[in-house]
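The structure appears below as structure tokens.
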Number of protein chains: 2
Amino acid sequence: MTIVSEHDIEELRFSLKNRLGEALLLTSQEDMLRYCRDWHGDVTSSAVAVIRPRSTKEVSDTVRACAELGLAIIPQGGNTGLVLGGIPDEPKRQIVLSLERMNAIRTIDSDDFSAVVEAGCILSEFKDAVQDKGMFFPLSLGAQGSCRIGGNVSTNAGGINVLRYGMTRELVLGLEVVLPDGTIWNGLSTLRKDNRGIDLKQLFIGAEGTLGIITAVSVKLYPNPEHVETALLGLNSLDDAIKLYRRARRECCDLMSAFEFMPPVAFTLAIEAIPDLKMPIAGDYPAYVLMEISGSGLVDTADLMGRFLEGVMEDGLVLDGVIASSRAQAQSLWLFREGMNEGQALRGSHMRTDISVPLSKLAAFVAEAEAELAEKLPECLAVSYGHVGDGNVHLNVLPPNGATPQEREAFIYKSKTLVNEVLDRYVGSISAEHGIGRLKRSDFESRLSDVQRRMITGLKNAFDPDLRMNPGCQITLQPDS
Amino acid sequence: MTIVSEHDIEELRFSLKNRLGEALLLTSQEDMLRYCRDWHGDVTSSAVAVIRPRSTKEVSDTVRACAELGLAIIPQGGNTGLVLGGIPDEPKRQIVLSLERMNAIRTIDSDDFSAVVEAGCILSEFKDAVQDKGMFFPLSLGAQGSCRIGGNVSTNAGGINVLRYGMTRELVLGLEVVLPDGTIWNGLSTLRKDNRGIDLKQLFIGAEGTLGIITAVSVKLYPNPEHVETALLGLNSLDDAIKLYRRARRECCDLMSAFEFMPPVAFTLAIEAIPDLKMPIAGDYPAYVLMEISGSGLVDTADLMGRFLEGVMEDGLVLDGVIASSRAQAQSLWLFREGMNEGQALRGSHMRTDISVPLSKLAAFVAEAEAELAEKLPECLAVSYGHVGDGNVHLNVLPPNGATPQEREAFIYKSKTLVNEVLDRYVGSISAEHGIGRLKRSDFESRLSDVQRRMITGLKNAFDPDLRMNPGCQITLQPDS
């Protein structure tokens, strides 16, 4: 690897400006900072430039210019990723390509239940525009006020509505992609059924920009769920929560739209972050579930939620519960779920996971991992919560208050190793919804079989033989490997 | 291309038997016939051998043996495909690899709502086994008594439940695949959320065996819909049927499981095939819809269907209708939908399409295509029906009774050209659910953009550089292309 000097970088910047025009580039450290620091603030990097194209053509021009200059490209949406997939790791050889200026909503068609939106559109802005037309785009996650739809697709984002509507992949009808050679592929179909051979768009969903740059997306829309019932329930255990989920799937059919598990400490953490939150249930319970049923038109969700809870309380599966009587009350119940994330952040750097195991093994996995943590790292606080209906749990480990940064780092390393060892015994996934990025790359690669690695390498060679697209993300490859 | 003599073929058969054992091979024309003739009986071919492995290992052995002998492989499931994707087209250079002996159901897990099943299991047998455990596998299509699950996945089969549960792709959690070099990839995860990078299984779904051979599949299961309401409705037009669909999506939410459009001639055709069918509605209407709402547990589908129909009849959107009052009655309503296919077959060879356009354009497309057909081919009968809720219509054209085979062929060619021309104006798909195979290859290739072709060629080169996997299916490639 040749050394790149500051002088070389200035020359590269000059060449980029020449080719693309001053207006597309940011090059000062100050301007580039927010594109080069991750969402959690754990990592701060730099780049030759941040390039912000305004059209698909300008994305293509940028890709071609970078190829000529031997620069690699880190595509970036809202920079809300949790695995460092959009942060440069070789600042002198990489540019950040931010899609944030490509934020138009091209069409919303309520007759077709579909829309076409550019990659840089902020998720919540898209959802609002869709709702204004009486429709619903189901992808819902904490970062929705900042994340951008292209990033959601590139990372195949999950969130709280997966159990009813699927991951982002299942919401995508078509893509527009700028390929590593600068070619534009217009695959923005809104057809709901189209079975013409290999489904090329699937390659780019979840690839985190390693095979091309998604510039626009066509998606499915749904009828707006006019009736939403939200309930917070107290239970005896995670095991009972999973029993409750199974029963809800049968009794409430496809109308359940969220099923979130929270341990008692969730409320402590939420109140640390949002002090005026009031506990909505009087007693203390070992486990809590936040559950939502939603529907539109003639479906009576209130009656359904009422009868469902009546049955499960009669059977002792749910010990106590509260159903929100207004939209505002529902939002305040959700504040606990969101506040617990903020509360964890306030306790300082900690170990975060994004695990999935088969639903039938989730309770056993959490019990085993928490028992090992209690034995081997008794100073730490384990917090297990999440979208358990999908078998997805965030088992996080918080070092004790007052731990030094070095101690925290050691706790994080030890607890991650310990949890992953338990996870491997359960043949689970180290990334249920967040992706791989750079943060999970080595954990990912160490679990890859030879045949998987060969397939991924084959794809990279076919699409991006010069390794210009987000190198270092997901997998380590050397040219000519 | 070198000439292959009968002597050479006998040598190849001898070598295959030597390597794989006599028990795996069929080589007589008589034994091979049912694997080499398509479902409609339009094409009869032959092969060097039909090989029927009993295990993933034997599939792998077969792939390696064929590579050594320079033979190409045509993977085949139940041989119910409609586009000649599983029929050899170079009988002296190809073997048929039938998965029919790999028909075990490995697991059905009602706690996880998942199952693992081998590629050769017949769809209806799998569905029955799942139902015995109180669960439901939603894929439903006419051929389900003969088609096999591996073929369903390889062709990304559609069917009548797509609008609620999606195409086969959306039901697949994982795959086991034998790659073109004989390597076995075990990707049979049952995790519902797993976001570890590029989703490799997506490559094989819908690839019709051109990238590898699917030997087993893990799938999602659903709660068994215990309450099913089936209604046959008379309407004024296809346009009204689409209005009805839109309204049903809003008012019945995600509980609508089927929405099939039929023209009046459907009933004539059905009664030609099943003479004792009785028309369930008294009057004659220009358009009919067969609609199903289904649910489980506490969801009151009967009430929902009743209130929905009351509203749409009051508004004049539905003119008359009948709701099945028993499972038997519901089945007899479905007999019209199935019988109309048989009735078309009884009228002799005809032009079949499998078209999708955006829902908002479906009625206009059908009107335009039918008007052109009426003007230019007035002797023929156009029959447009299908899963209109997905924008999918089968616009078939039946030559007049008494037409000679040559005349039929000319009518089929002319009507296909005409319909495709209209379709291209609507930017629709020539294959909504059937795939490409060999039958639609030239229509597919002539519409491929350069960038699509490059991506597909790149994938083939990466996975199957020697073009051994179903060559001639989907795309025409020459070695070293």
Side-chain angles (χ1 to χ4, degrees), chain A residues 109 111-112 156 158 162 167 170 179 183 185 190-200 202-203 206-207 223 246 249-255 295-299 304 307-308 356 358-360 390-392 428-436 444 451-452 455-456 458-459 461-463 474, chain B residues 109 111-112 156 158 162 166-167 170 179 183 185 190-200 202-203 206-207 223 246 249-255 295-299 304 307-308 356 358-360 390-392 429-436 444 451-452 455-456 458-459 461-463 474:
Chain A
D109 189 330
D111 282 350
D112 279 333
N156 187 26
V162 172
M167 303 282 279
E170 293 180 65
L179 296 173
T183 316
W185 172 47
T190 58
L191 298 174
R192 304 193 82 82
K193 280 173 85 172
D194 184 8
N195 220 3
R196 282 177 287 180
I198 297 163
D199 191 4
L200 296 169
Q202 302 296 342
L203 282 165
R246 286 205 196 103
R249 272 211 73 182
R250 287 182 187 277
E251 297 199 352
C252 307
C253 206
D254 297 348
L255 299 172
S296 63
L298 302 170
V299 175
L304 181 62
R307 285 190 295 140
F308 174 67
S356 65
L359 192 59
S360 56
D390 312 307
N392 181 190
S429 169
I430 57 160
S431 184
E433 56 175 14
H434 293 170
I436 298 298
F444 173 60
V451 55
Q452 282 172 300
M455 285 196 274
I456 297 169
L459 286 175
N461 282 338
F463 280 80
Q474 294 196 349
Chain B
D109 190 329
D111 282 350
D112 280 333
N156 187 28
V162 172
M167 302 282 281
E170 293 179 65
L179 296 173
T183 318
W185 172 48
T190 58
L191 298 174
R192 304 192 81 83
K193 279 173 86 172
D194 185 7
N195 219 3
R196 283 177 286 180
I198 297 164
D199 191 4
L200 296 169
Q202 301 295 342
L203 282 165
R246 287 206 195 102
R249 273 213 72 181
R250 288 184 185 276
E251 297 198 353
C252 307
C253 206
D254 296 348
L255 299 172
S296 63
L298 302 170
V299 175
L304 181 61
R307 284 190 297 140
F308 173 68
S356 65
L359 193 59
S360 55
D390 311 307
N392 182 191
S429 169
I430 58 161
S431 183
E433 58 176 12
H434 293 169
I436 298 298
F444 173 58
V451 55
Q452 283 172 298
M455 286 195 273
I456 297 168
L459 287 175
N461 281 337
F463 280 79
Q474 294 195 350

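Letters A, B, ... mirror the listed sequences (proteins, then strands); counts begin at 1.
Options A/Gly197, A/Gly391, A/Ala207, A/Gly206 differ in how many heavy-atom pairs under 4.5 Å they form with chain B, and the most are formed by A/Gly197. Between chain B and the options A/Leu359, A/Asp112, A/Thr190, heavy-atom pairs under 4.5 Å are most frequent for A/Asp112. Ranking B/Ile436, B/Leu298, B/Val299, B/Leu179 against chain A, the residue ahead of the rest is B/Leu298, based on heavy-atom pairs under 4.5 Å. The candidate from A/Gln452, A/Glu433, A/Gln474, A/Arg246 with the greatest count of non-hydrogen atom pairs under 4.5 Å with chain B is A/Arg246. Taking B/Ser429, B/Gly435, B/Pro223 one by one and counting their heavy-atom pairs under 4.5 Å with chain A, the maximum is reached by B/Ser429. In terms of heavy-atom pairs under 4.5 angstrom with chain A, the leader among B/Lys193, B/Arg196, B/Arg307 is B/Lys193.
In this structure, the portion of B/Val162 lying under 4.5 Å from any heavy atom of chain A is its side chain and not its backbone. Heavy atoms closer than 4.5 Å to chain B are found in both the backbone and the side chain of A/Asn156. With a 4.5 Å cut-off on non-hydrogen atoms, A/Leu255 touches chain B through its side chain but not through its backbone. Both the backbone and the side chain of A/Glu170 have a heavy atom closer than 4.5 Å to some heavy atom of chain B. Heavy-atom distances place both the backbone and the side chain of A/Ser360 under 4.5 Å from chain B. In this structure, the portion of A/Phe444 lying under 4.5 Å from any heavy atom of chain B is its side chain and not its backbone.
In this structure the side chain of A/His434 never reaches within 4.5 angstrom of the side chain of B/Asn195, judged on heavy atoms. Counting heavy atoms from C-beta outward, B/Leu203 and A/Leu203 have side chains that approach closer than 4.5 Å. Taking 4.5 Å as the limit, some side-chain heavy atom of A/Pro358 sits within range of a side-chain heavy atom of B/Leu191.
Between A/Gly458 and B/Ala462, the shortest heavy-atom contact is O-CB, 3.7 Å. Scanning both residues, A/Cys253 and B/Gly295, for their nearest heavy atoms gives SG-CA, 3.5 Å.
With hydrogens and angles left out, the side-chain atoms of A/Asp194 and B/Ser356 include no donor and acceptor closer than 3.5 Å.
Screening B/Thr183, B/Ile198, B/Leu200 for a side chain to side chain contact (heavy atoms under 4.5 Å, CB included) with A/Met455, the sole residue that qualifies is B/Leu200.
Residue A/Asp254 holds its CG atom at 7.5 Å from OG of B/Ser296, rounded to the nearest 0.5 Å.
Judged by distance alone, with hydrogens and angles left aside, the side-chain atoms of B/Asp199 form no donor-acceptor pair with the main-chain N or O of A/Gln202 at under 3.5 Å.
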